[in-house]
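The block underneath contains the structure these notes are about, expressed in structure tokens.
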Protein chains: 2
Amino acid sequence: MPLDPIARVRRFNRAVTTEVGALDMSFLGRGRPLGTARVLNAIGHGQSDVAAIRDYLGLDSGLMSRLLRGLEDEGLIETVPHPEDARRRVARLTKAGRSEFRAYEALSNAQAKDFLARHSRQEELLRAMDLVASALGRGRIVLEEMDPRDDDAKYCLGEYYAELARRFENGFDVSLSRDPEAVDMVRPRGAFLVAMSDGLPIGCVGLKGGGGEVAEIKRLWVAPSARGLGLARRLMEAAEDIARELSIKVLRLDTNSALPEAQQLYRNSGWTEIARFNDDPYPDTFFEKHL
Amino acid sequence: MPLDPIARVRRFNRAVTTEVGALDMSFLGRGRPLGTARVLNAIGHGQSDVAAIRDYLGLDSGLMSRLLRGLEDEGLIETVPHPEDARRRVARLTKAGRSEFRAYEALSNAQAKDFLARHSRQEELLRAMDLVASALGRGRIVLEEMDPRDDDAKYCLGEYYAELARRFENGFDVSLSRDPEAVDMVRPRGAFLVAMSDGLPIGCVGLKGGGGEVAEIKRLWVAPSARGLGLARRLMEAAEDIARELSIKVLRLDTNSALPEAQQLYRNSGWTEIARFNDDPYPDTFFEKHL
DNA sequence: CGATTTATCTGACTAAAGTCAGATATCATG
DNA sequence: CATGATATCTGACTTTAGTCAGATAAATCG
């Protein structure tokens, strides 16, 4: 007789609401009401468009206006008309605002650190938290196009190689593989996409072009904590969209039968198996898709 | 370059605070302000002492008083003086209150169910949520003495047997083992303790007495999601305390070398290895402790 | 250009939550 | 039984959050 899943979810809710009050409430502790602090933090995190902040925090325009005024009176922010549309306003931190924001960040980090310090089995706990955060934050996953040499991209690639090394019978060594040049995965030849979930990289895919009408899909990877959310498909679709933008007519990719879930995905989304088209030692299966 | 643990914790906080607003807010949806609904739910969950509720919800006594009055006016609760101390008051649900509480419970359950339905890989997600909830709710774990035939106890025993079956080379079959009679694990001969975390059983231990000065520790088990919190030690200490209450002078236990972490615990808490004292086919190591 | 739409702001509200200083009744103690 | 401690209640506040109907100014469209 297993435990009731609903009871388990409710227990999680209880545990988290009790604890999170004391956990994410770095908003408190600097003598500023919650709403004001949330706006300041949203601006600090790069949200500058007033409408975007209002939308993000779910605030009424009147309330928003007052909160902004309050922060302005405190000298923490300044608002200027949007350069392209003077009806809209853009808010940005002043010097004092930046320092106040840093103080909030430091508080948040200290709380997170304390939280971790109070717990044993940290890596296991973090993995569970990653999984829950990925599931809960599913709707907020955004695909960002970036240079494959950026940190978040490099993190994903590192994890991808590590996973291949674990899953291939004889391991995996990038230097023996046909590692694409970064320039082939940057516009105009190609692109590199990283899936970001609340600021953390959780997946990637590369579109490697050579300038012609044929390009390759490379380095499709999704973090273990984010599997089952349909992210791989979303990455592939986004890569295909970019390929079409770049006037690419045919996509190809190579893969290995040690990765059956990937092959499954390709077969389910319009790819057909073709003959080997390169001499890379690792792949044993090859696919193609006409756009 | 692994991800920053602090960033991971903060991402979890963000994901959870965003989602939990829409997740545990079964409090809403019945046209009652949050504070009032929280008090009603606390009473429904068995908190009856006004001071206890106030403490649990962190409310000012004046505010609490008004909220109680509001619920009384609605006819959902009644308050009576505490039988042993007429200064204190005890609140309980009326018939209407019980039905209103049930409506909140149904809402909560429906939301939990919806939440689960929105996610794939449910068992994996639930396991991660259990782990997080155990870690976060660590301070709220309570040890309850109960009959080993109660549901929560039986759940723990079932999980215990399943774990032995997984870990012993040749499996585990209770019927071949010396399964203690329930009556030997109930006062006055012995006791059975279950660790409850926010309403869910996550560990147990049995004290099996025979009426004399010697008793046995049996069925020490901690749920995987709750390991590393020091719960096994806490269960053992509680069992020893009860043994002392029952005037037991010597405790014994048998275990198996396939469970090294258990042996480690015994050695670290005053137990010494002794010779085999029974003919049960499963154990291969035996311990004793003088109280 | 004039009419309409859009983004923000202002003023005038309400509701909810929280604070605090007594008031009141009961209990515990010497 | 007087004294002080304790638990709750009451009244008189303040703060925060949120709502809503215009006002204002800039953009967009026919």
Side-chain angles (χ1 to χ4, degrees), chain A residues 17-18 21-22 24-43 47-74 76-92 104, chain B residues 17-18 21-22 24-43 47-74 76-92 104:
Chain A
T17 40
T18 316
D24 199 33
M25 285 314 140
S26 53
F27 289 120
L28 271 57
R30 293 193 68 78
R32 207 167 271 115
L34 182 63
T36 314
R38 293 213 306 159
V39 171
L40 182 64
N41 275 283
I43 298 171
Q47 305 246 222
S48 55
D49 228 90
V50 168
I53 303 170
R54 223 174 48 206
D55 194 54
Y56 174 62
L57 299 176
L59 298 174
D60 171 87
S61 65
L63 182 50
M64 179 76 208
S65 191
R66 262 176 279 273
L67 293 174
L68 285 174
R69 183 100 338 101
L71 285 166
E72 255 177 345
D73 291 351
E74 275 195 88
L76 300 177
I77 65 164
E78 50 191 13
T79 62
V80 293
H82 192 286
E84 283 158 23
D85 181 348
R87 287 170 307 182
R88 286 154 54 187
R89 308 217 103 209
V90 177
R92 57 164 179 255
Y104 276 109
Chain B
T17 40
T18 316
D24 200 34
M25 284 315 142
S26 52
F27 289 119
L28 270 57
R30 292 193 67 78
R32 206 168 273 115
L34 181 63
T36 313
R38 292 213 307 158
V39 171
L40 181 64
N41 275 283
I43 298 171
Q47 305 245 221
S48 55
D49 227 88
V50 168
I53 302 170
R54 222 174 49 204
D55 195 55
Y56 173 64
L57 299 175
L59 298 174
D60 171 86
S61 65
L63 182 50
M64 179 76 208
S65 190
R66 260 176 280 273
L67 293 175
L68 286 175
R69 181 101 338 101
L71 285 167
E72 256 176 343
D73 290 351
E74 275 194 88
L76 300 178
I77 65 165
E78 50 192 13
T79 62
V80 292
H82 192 287
E84 282 157 25
D85 181 348
R87 288 171 304 182
R88 286 155 56 189
R89 308 217 105 212
V90 178
R92 58 163 178 255
Y104 275 109

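Order of the sequence lines fixes the chain letters, A, B, ..., with proteins taken first and strands second; residue numbering starts at 1 for each chain.
A/Arg88 places its CZ atom 14 Å from the C1' atom of D/dT28, with the value rounded to the nearest Å. Residue A/Met64 contributes atom CE, which lies 12 Å from atom C1' of C/dA7 at whole-angstrom precision. To the nearest angstrom, P of C/dA7 lies 10 Å from CG of A/Asp49. The interatomic distance linking B/Asp85 (CG) with C/dT29 (C1') rounds to 15 Å, in whole Å. For B/Glu84 and D/dA7, the CD to P distance is 14 Å, given to the nearest whole Å. Distance CG (A/Leu71) to P (C/dC9): 12 Å, rounded to an integer number of Å.
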Atom pairs, N/O to N/O, protein against nucleotides 15-19 of chain D, distance under 3.5 Å?
from	atom 1	to	atom 2	distance (Å)
D/dA17	OP1	A/Leu34	N	3.4
D/dA17	OP1	A/Gly35	N	2.8
D/dT19	O4	A/Arg66	NH2	3.2

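Candidate nucleotides D/dC9, D/dA27, D/dT8 were compared by shortest atom distance to the side chain of B/Arg54, and D/dT8 ranks first. Checking C/dT10, C/dC27, C/dT8 against every side-chain atom of A/Val50, the shortest atom distance belongs to C/dT8.
Within the 4.5 Å cutoff, the side chain of B/Arg32 has heavy atoms near those of the B/Leu76 side chain.
Phosphate proximity of C/dT26 to B/Arg89: absent, as no side-chain N or O sits under 4.0 Å from OP1 or OP2.
Taking all atoms of both residues into account, the shortest heavy-atom contact from B/Leu71 to B/Leu40 is CD1-N, 4.0 Å.
With hydrogens and angles ignored, no donor-acceptor pair closer than 3.5 Å exists between the side chain of A/Arg87 and the base of C/dT8.
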